[in-house]
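Each remark here refers to the structure printed beneath this line.
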Number of protein chains: 2
Amino acid sequence: MTLSKNTFIGEFSYTLDSKGRLNIPSKFRQSLSKDNKETFVIARGLDQCIWVYPLIEWKQIENNLRKLSSISNTHRRFIRNTARYASPSTYDKQGRIILHPSLIKYAGLDKEVLIIGMINKMEIWNPDLLEKFENKQDELNSEAYEELSNKIIL
Amino acid sequence: MTLSKNTFIGEFSYTLDSKGRLNIPSKFRQSLSKDNKETFVIARGLDQCIWVYPLIEWKQIENNLRKLSSISNTHRRFIRNTARYASPSTYDKQGRIILHPSLIKYAGLDKEVLIIGMINKMEIWNPDLLEKFENKQDELNSEAYEELSNKIIL
DNA sequence: GATTGTTACCCACTACTACCCACAATGTTA
DNA sequence: TAACATTGTGGGTAGTAGTGGGTAACAATC
């Protein structure tokens with residue numbers, strides 16, 4: 001059963017094999033529109049995780065980055081850190097992508113891996129690190145979180 | 001006799017079978033508009049229950065989530081916590097949906113299950129837990145309840 | 001040009017899920 | 001009251017999804 005095109009929700013656990021291959025949930029593959037079918041951009045996430053965008057979503061980010069002026073110190077750094085660690089990728093016939101060792105190291109990935117749908121992208125996590133991260137966040141800024149949940153009706 | 005389209009009211013009790021399958025009340029199935037006939041999004045509720053949205057309702061949530069920027073720490077967490085535990089689903093020829101083991105665990109579901117109409121979605125409860133929850137709530141915040149009466153006329 | 005290493009493709013096995021059918025219980029109509 | 005339709009529940013099975021390993025094709029290095 002597929003959802004809207006290019007929209008990712010849900011959580012899936014997979015194993016990262018010795019070749020650095022990682023399965024993409026078949027539900028996510030199905031929700032990719034034809035043009036995207038085989039192309040992703042894999043990037044470093046802002047938390048200790050990996051972000052995987054379908055090509056269409058990434059192109060929007062690129063457009064937004066183009067609008068930032070390199071005169072601003074902040075903008076410059078933002079562009080650099082976003083573009084630097086991103087790279088295009090495809091999946092193989094079995095639906096797996098290959099993760100670069102540097103990204104595996106950044107996300108602290110082991111054999112067991114969690115893939116989370118984030119609407120416009122997927123996140124790849126070490127499940128233990130995610131749990132620690134979420135617990136830590138709960139203690140912090142819960143007011144901002146509360147405020148946000150008043151705006152969005154579930 | 002059906003009510004407005006995509007509106008759920010009433011309470012029904014069913015049994016969850018060994019395969020995690022749960023019947024959807026036929027009244028609810030009837031009240032689904034054609035486009036939604038076979039698609040739901042099942043998500044973790046804010047109380048210890050499961051939320052089931054018809055697709056149209058969920059798409060509104062999705063649209064709101066799409067407006068949030070992943071640069072904000074708070075927004076990121078909100079998207080993650082909302083999208084993570086949600087998954088699209090259809091019902092089978094007998095009108096049942098399948099509940100994922102992690103959600104069954106979260107809601108503390110046993111064989112006996114209560115489905116409650118919540119206007120824009122349905123809630124799935126362990127009847128014992130709901131009763132306990134409601135009793136506990138009665139003692140607390142009756143002020144908040146009072147305040148609400150200024151907004152809604154019954 | 002030979003050697004090494006990496007990448008991508010192919011095949012095979014396992015386990016699960018989604019579909020199918022069957023039947024009981026209840027409600028409805030003639 | 002009998003016949004039928006609808007609703008709720010249970011279990012078997014074929015097809016698909018996830019995983020691992022082998023090998024050919026290609027690039028890089030000497």
Side-chain angles (χ1 to χ4, degrees), chain A residues 1-3 8-32 37-42 50 52 87-105 109-117 122 124-127, chain B residues 1-3 8-32 37-42 50 52 55 86-105 109-117 122 124-127:
Chain A
M1 150 80 264
T2 64
L3 205 61
F8 308 108
I9 63 173
E11 137 181 301
F12 306 84
S13 62
Y14 294 106
T15 58
L16 183 69
D17 72 15
S18 54
K19 293 182 181 178
R21 294 181 299 190
L22 179 68
N23 199 45
I24 298 292
S26 97
K27 277 190 182 173
F28 287 180
R29 293 196 302 257
Q30 286 162 16
S31 82
L32 287 168
K37 266 261 167 289
E38 290 172 0
T39 315
F40 303 94
V41 171
I42 303 176
I50 298 168
V52 181
S87 77
S89 163
T90 62
Y91 56 70
D92 66 18
K93 287 255 165 88
Q94 277 78 285
R96 294 172 292 195
I97 53 172
I98 291 183
L99 296 179
H100 193 272
S102 68
L103 279 177
I104 292 176
K105 194 181 165 195
L109 295 185
D110 206 357
K111 213 164 154 41
E112 199 186 347
V113 164
L114 204 60
I115 300 186
I116 295 178
M122 348 174 184
I124 299 173
W125 282 88
N126 174 330
Chain B
M1 151 81 249
T2 63
L3 206 61
F8 307 109
I9 60 174
E11 135 180 308
F12 306 84
S13 64
Y14 292 105
T15 59
L16 183 69
D17 73 15
S18 57
K19 290 185 179 177
R21 294 180 298 192
L22 179 68
N23 199 44
I24 297 293
S26 94
K27 275 193 182 172
F28 286 180
R29 293 198 302 257
Q30 284 162 18
S31 82
L32 287 167
K37 266 259 167 293
E38 290 173 359
T39 315
F40 303 93
V41 171
I42 304 175
I50 297 169
V52 181
L55 191 58
S87 79
S89 164
T90 60
Y91 54 71
D92 64 19
K93 288 254 165 87
Q94 281 76 276
R96 294 171 293 192
I97 53 171
I98 292 184
L99 297 180
H100 194 272
S102 68
L103 280 178
I104 292 176
K105 193 180 165 195
L109 295 185
D110 207 356
K111 216 163 153 42
E112 197 186 349
V113 163
L114 205 59
I115 300 186
I116 296 176
M122 345 173 187
I124 299 173
W125 282 89
N126 173 331

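Chain identifiers are assigned alphabetically (A, B, ...) following the order of the sequence lines, protein sequences preceding nucleic acid strands; residue numbering begins at 1 within each chain.
Checked against side-chain hydrogen bond (donor to acceptor under 3.5 Å, both in side chains), A:Ser13 has no partners two or more places apart in sequence or in another chain. Under the side-chain hydrogen bond (donor to acceptor under 3.5 Å, both in side chains) criterion, A:Ser18 pairs with no residue, sequence neighbours left out.
The shortest distance between the side-chain N/O atoms of A:Lys93 and the OP1/OP2 oxygens of C:dC10 is below 4.0 Å.
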>> One character per nucleotide, please: for nucleotides 22-29 of chain C, 5' to 3', B when the base has a protein heavy atom closer than 4.0 Å, S when only the sugar-phosphate does, - otherwise.
In response: B-------
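Counting heavy atoms from C-beta on, the side chains of B:Phe40 and B:Thr90 never come closer than 4.5 Å. Residues B:Lys27 and B:Phe12 have side chains in contact (heavy-atom distance under 4.5 Å, counting atoms from C-beta outward). B:Leu22 has its side chain out of reach of B:Asp17: every pair of non-hydrogen atoms, C-beta onward, lies at least 4.5 Å apart. You'll find the side chain of A:Leu16 reaches within 4.5 Å of the side chain of A:Ile104, heavy atoms only. B:Glu11 places a side-chain heavy atom less than 4.5 Å from the side chain of B:Leu114. B:Leu109 is listed as a side-chain neighbour of B:Leu99, based on a closest heavy-atom distance under 4.5 Å.
Over its length, the helix from C:dG1-D:dC30 to C:dA30-D:dT1 turns its helix axis by 40°, as judged from the five terminal pairs at each end, rounded to 10°.
Environment of CD in B:Gln94: crowded, with over 12 heavy atoms of neighbouring residues, nucleotides or ligands closer than 6.0 Å.
Of the residues in residues 11-23 of chain A, A:Tyr14, A:Thr15, A:Asp17, A:Lys19, A:Arg21, A:Asn23 come within less than 4.0 Å of DNA chain D through at least one heavy atom, sorted by number.
In terms of heavy atoms, A:Trp125 sits closest to A:Ile116 at CD1-CD1, 4.0 Å. Across every non-hydrogen atom of A:Leu103 and A:Ile50, the tightest pair is O-CD1, 3.7 Å.
If you take CG of A:Leu99 and P of C:dA8, they are 13 Å apart, rounded to a whole angstrom.
If you walk DNA chain D from 5' to 3' and mark each nucleotide with an atom closer than 4.0 Å to a heavy atom of chain A, the marks span D:dA17 to D:dG22.
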> Are A:Ile124 and A:Val113 close enough, and set up right, to give a side chain to side chain contact (heavy atoms under 4.5 Å, CB included), and what steps lead you there?
Replying inline: CA-CA 7 Å; A:Ile124 299 173; A:Val113 164; 3.5 Å; yes
> Can A:Asn23 and A:Tyr91 be said to form a side chain to side chain contact (heavy atoms under 4.5 Å, CB included), step by step?
Replying inline: CA-CA 9 Å; A:Asn23 199 45; A:Tyr91 56 70; over 6 Å; no
